[in-house]
Novice: 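Next up is a structure, given as structure tokens.
Both backbone and side-chain heavy atoms feed into the values below; hydrogens, waters and symmetry mates do not. All values derive from a computational prediction rather than experimental measurement.
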Amino acid sequence: MSAPVSNVRPKPDKVLVDIADYVSQYEIASAEAYNTARLCLMDTLGCGLEALEYPACTKLLGPLVPGTTVSRGARVPGTRFELDPVQAAFNIGAAIRWLDFNDTWLAAEWGHPSDNLGGILAVADWLSRNGTPIVMRDVLTAMIKAHEIQGVIALQNSFNRVGLDHVVLVKVASTAVLAQMLGLSREGIINAVSHAWVDGQSLRTYRHAPNTGSRKSWAAGDATSRAVRLALIAKTGEMGYPSVLTAKTWGFYDVLFRGKPFKFQRPYRSHVMENVLFKISFPAEFHAQTAVEAAVLLHPEVKDRLSDIRKIEIVTHESAIRIIDKKGPLNNPADRDHCIQYMVAIALVKGNLTAADYEDDVARDPRIDALRAKMVCIENKRYSRDYLDPKKRSIANQLQIFFRDGTPTRKAAVEYPIGHRRRRREGIPLLEAKFRRNLERRFPKEQREAILELCRDPKRLEATPVREFVELFVI
């Protein structure tokens, strides 16, 4: 006979407690983290503004029920929508992620920590418009902490290897910081986060052939909006599930993580925001950023000899081979922006890569598939080690092209993308230029200059009430 199950409610799992203690008690002291969060805010909102040019994205936006209005709700930047905070979080989050152009974190698990801004900004605007004295420094603090929770868990815990999508970490991180923003007690935050883990979790089906599709562009919006819902449920006093991770048979570890507990490399501080990777030059899946940069470097040597190419070698790291090494037909933009061969081919042909290059009219160019057929991906073991080395976190790729006459190009190797912390000084002016371009897509000169002036003044930005900041982004 099996032993009877105890009916005594257990103490909360340490993972839940550590998250709750961090969001409710830890004071961020890093000036670098706040400055990087300010840059991240600009870049993330800009990515959302660019996505509003794509009907595939905008068809999903607006109220859940057409014609529904909300008084003093949360606004969606770049639109006229005023929504309840759950639906606003979906709108903001879906736009932010749509073009795969916002920030990235690469470790055992990868992801895009700025996806959490969907829930953070929606709740902050809603609170600010309804009497809570919340300012933009509170938003930046929540961003730093959400980045940290998502990124620290990702360092040594691979959800993709058990078939789960990284947006589970968006939901967990968003739920934690939103519960704190909503004024929940430590116990309430623990309860809220337990609900995020007990939820059904997204499969990675929509990120991989033959099922790759556009859900990967709104999955994070869905996760951060679900976090708003769970935090609001917890705010009513709803009970939590203290051993949601560790419970035998029924807990997350046994059901979804092959019985293995999470491992942690470091405590929660501000490491992730300080080291986050910005996508500055190309809207490309991050494992391919340096490959595209290398292709752009080789473009002048090959642009007039494309038909003479015999072979293209992409020397890369294990994660790139596992995730974006794709052969065969590519069925839609979501398929193409996760194919290293497609992205390299575009860059070799055009000397650049933009979001529009994933659309059908560009993909029909016969040169693209002809070049893809000549590509081979080769793992460099050092690149794979340096990718996981916490002191390096490189995302290296090397490109070399061989012609039919037996001559090769030089080897173009790029180990750190321009959005890496090691290239931050080089990248910041380009990040600001990207933000300016995206503002120009939606706003007249006077409005965008007001936004730029505020975002460039850290002290004034941090002191600005959230409702006034978001007002600047309303159409």
Novice: Work out which heavy atom in A355 is nearest to a heavy atom in Y54; give both atom names and the distance.
Specialist: CB-OH, 3.4 Å
Novice: For atom CD of E187, decide whether the heavy atoms of other residues, nucleotides or ligands shown that lie under 6.0 angstrom number more than 12.
Specialist: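 Open.
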Novice: Provide the closest heavy-atom pair for P242 versus L16 in the form atom of the first, atom of the second, distance.
Specialist: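 Closest approach of P242 to L16, heavy atoms only: O-CD1, 3.6 Å.
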Novice: Could you report the tightest heavy-atom contact between I19 and A176, atom names first, then the distance?
Specialist: CG2-CB, 3.5 Å
Novice: Going by atom types only, do S30 and E274 share a side-chain donor-acceptor pair under 3.5 Å?
Specialist: yes
Novice: Here's a test for you: under side-chain hydrogen bond (donor to acceptor under 3.5 Å, both in side chains), which of D43, N102, D100 qualifies with K279?
Specialist: D100
Novice: To the nearest 0.5 Å, how far apart are NE2 in H147 and CG in L117?
Specialist: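 Rounded to the nearest 0.5 Å, the NE2-CG separation comes to 9.0 Å.
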Novice: Centroid-to-centroid, H166 to H112, below 6.0 Å?
Specialist: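 Yes, the ring centres sit under 6.0 Å apart.
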Novice: Does R80 form a side chain to side chain contact (heavy atoms under 4.5 Å, CB included) with V474? I'd like the steps, not just the answer.
Specialist: CA-CA 6 Å; R80 295 186 177 88; V474 173; 5.5 Å; no
Novice: Can you check side chain to side chain contact (heavy atoms under 4.5 Å, CB included) on I28 and K145, steps first, answer last?
Specialist: CA-CA 9 Å; I28 305 295; K145 291 189 174 183; 4.0 Å; yes
Novice: Would you say that more than 12 heavy atoms from the other residues, nucleotides or ligands in this model lie under 6.0 Å from the CZ of R229, or not?
Specialist: no
Novice: Within the structure provided, determine whether R393 and R421 are in side-chain contact (heavy-atom separation under 4.5 Å).
Specialist: no
Novice: Kindly compute the distance separating CD (E432) from CE (M42), expressed to the nearest 0.5 Å.
Specialist: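 Between E432 CD and M42 CE, I get 5.0 Å after rounding to 0.5 Å.
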Novice: With E426 as reference, evaluate R424, R422, R423 under the salt bridge (Lys or Arg N to Asp or Glu O under 4.0 Å) test and give the passing residue.
Specialist: R423
Novice: Less than 4.5 Å apart, side chain to side chain, heavy atoms only: is that true for V123 and L182?
Specialist: yes
Novice: Return all side-chain donor-acceptor pairs below 3.5 angstrom for residues 60-74, not counting sequence neighbours, or 'none' if the list is empty.
Specialist:
residue : atom : partner : partner atom : Å
T68     : OG1  : V65     : O            : 2.7
R72     : NE   : N130    : OD1          : 3.4

Novice: Determine, step by step, whether D335 and K326 satisfy the side chain to side chain contact (heavy atoms under 4.5 Å, CB included) criterion, reporting the C-alpha distance in whole Å, the side-chain angles of both residues, the deciding distance to 0.1 Å, and the verdict.
Specialist: CA-CA 9 Å; D335 231 358; K326 283 187 182 179; 2.7 Å; yes
Novice: Below 30° counts as parallel, above 60° as perpendicular, anything between as tilted: where do the rings of F262 and W197 land?
Specialist: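 Taking W197 first and then F262, their aromatic rings sit tilted (interplane angle of 30° to 60°).
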Novice: Any idea how F257 and F159 line up, ring-wise: parallel (<30°), tilted (30 to 60°), or perpendicular (>60°)?
Specialist: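 Ring orientation of F257 relative to F159: tilted.
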Novice: Looking only at heavy atoms, what is the nearest atom pair of P417 and Q289, with distance?
Specialist: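 For P417 versus Q289, the nearest heavy atoms are CB-CB, 4.1 Å.
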Novice: Quick test of your reading of the model: are D165 and K216 salt-bridged, counting only N-O distances below 4.0 Å?
Specialist: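 K216 and D165: not salt-bridged.
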Novice: Mind telling me whether F473 and F469 have parallel, tilted or perpendicular rings, with 30° and 60° as the class edges?
Specialist: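 Tilted.
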Novice: So, N160 and R322: side-chain donor and acceptor under 3.5 Å apart, yes or no?
Specialist: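 Their side chains do contain a donor-acceptor pair, which is all the 3.5 Å distance test asks for.
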Novice: Can you measure from OG (S270) to CG (N275) and round to the nearest 0.5 angstrom?
Specialist: 9.0 Å
Novice: Look at the side chain of T290 and the backbone N and O of I395, then say whether any donor-acceptor pair between them is shorter than 3.5 Å.
Specialist: yes
Novice: With no hydrogens and no angle check, is any side-chain donor or acceptor of D138 less than 3.5 Å from a backbone partner on V135?
Specialist: yes
Novice: Tell me if a side-chain donor or acceptor on N397 pairs with a main-chain N or O of H287 at a distance below 3.5 Å.
Specialist: yes
Novice: Just by distance, do the side chain of E148 and the backbone of R269 share a donor-acceptor pair under 3.5 Å?
Specialist: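 Indeed, once roles are kept as given, a pair shorter than 3.5 Å links the two residues.
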Novice: Would you check if the side chain of R442 reaches a backbone N or O of G78 as a donor-acceptor pair within less than 3.5 Å?
Specialist: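 Flag set: sc R442 to bb G78 pair under 3.5 Å.
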Novice: Is there a side chain to side chain donor-acceptor pair (under 3.5 Å) between D103 and S114? Walk through the geometry before answering.
Specialist: CA-CA 6 Å; D103 72 2; S114 60; 2.8 Å; yes
Novice: Determine, for E471 against R129, whether the closest basic-nitrogen to carboxylate-oxygen distance falls under 4.0 angstrom.
Specialist: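 No, no charged N to carboxylate O under 4.0 Å.
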Novice: Using only heavy-atom distances, determine whether the side chains of T141 and Y34 contain a donor-acceptor pair under 3.5 Å.
Specialist: yes
Novice: Check for a donor-acceptor pair, side chain of N332 on one end and backbone N or O of T212 on the other, with a separation under 3.5 Å.
Specialist: yes
Novice: Which atom names give the shortest non-hydrogen contact between L472 and I451, and what distance separates them?
Specialist: O-CD1, 3.5 Å
Novice: Would you say that M239 contacts R9 through its side chain, given a criterion of any heavy-atom pair below 4.5 Å between the two side chains?
Specialist: yes
Novice: Search all heavy atoms of D337 against all heavy atoms of M343 and return the closest pair with its distance.
Specialist: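 Answer, listing the atom of D337 first, then M343: O-CE, 3.6 Å.
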Novice: Do I190 and V17 make a side-chain contact, defined as non-hydrogen atoms from C-beta onward lying under 4.5 Å apart?
Specialist: yes
Novice: To the nearest 0.5 Å, what is the distance between OG (S202) and CZ (R215)?
Specialist: 5.0 Å
Novice: Is D389 salt-bridged to R385, cutoff N-O under 4.0 Å?
Specialist: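 Between R385 and D389 there is no salt bridge, as every charged N stays at least 4.0 Å from the carboxylate O atoms.
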Novice: Could you check if a side-chain atom of L330 sits within less than 4.5 angstrom of a side-chain atom of Y358, using non-hydrogen atoms only?
Specialist: no
Novice: Would you find a donor on one side and an acceptor on the other, under 3.5 Å apart, between the side chain of R186 and the backbone of A20?
Specialist: no
Novice: Under 3.5 Å, is there a donor-acceptor pair between the side chain of H420 and the main chain of K392?
Specialist: yes
Novice: Within the structure provided, determine whether P77 and L121 are in side-chain contact (heavy-atom separation under 4.5 Å).
Specialist: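 The answer is yes, as the side chains (C-beta and beyond) meet within the 4.5 Å cut-off.
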Novice: The criterion is side-chain contact (heavy atoms from CB on, under 4.5 Å); which residues satisfy it with T224, sequence neighbours excluded?
Specialist: A89, V170, S174
Novice: When you look at H317 and N380, which way does the side chain to side chain contact (heavy atoms under 4.5 Å, CB included) test go after all the steps?
Specialist: CA-CA 6 Å; H317 47 286; N380 180 313; over 6 Å; no
Novice: Decide whether a cation-pi geometry holds between K14 and F264; the criteria are a distance under 6.0 Å from NZ or CZ to the six-membered ring centre and an angle within 45° of the ring axis.
Specialist: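 The answer is no; the distance or angle limit is not met.
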Novice: Using 0.5 Å steps for rounding, measure from the OG atom of S194 to the CG atom of D199.
Specialist: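 Here the interatomic distance stands at 10.0 Å.
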Novice: Under the side chain to side chain donor-acceptor pair (under 3.5 Å) rule, what pairs show up with a residue in residues 241-264, not counting sequence neighbours?
Specialist: D13-T246
Novice: Within a strict 4.5 Å, meaning less than it, do heavy atoms of the Q201 and F252 side chains meet?
Specialist: yes
Novice: Can you tell me how far OG1 of T104 sits from CH2 of W110, rounded to the nearest 0.5 angstrom?
Specialist: 12.0 Å
Novice: Is there side-chain contact between F90 and D222, with at least one heavy-atom pair below 4.5 Å?
Specialist: yes
Novice: Measure from the side-chain N and O atoms of E285 to the backbone N and O of C339, and report whether any donor-acceptor pair falls under 3.5 Å.
Specialist: no
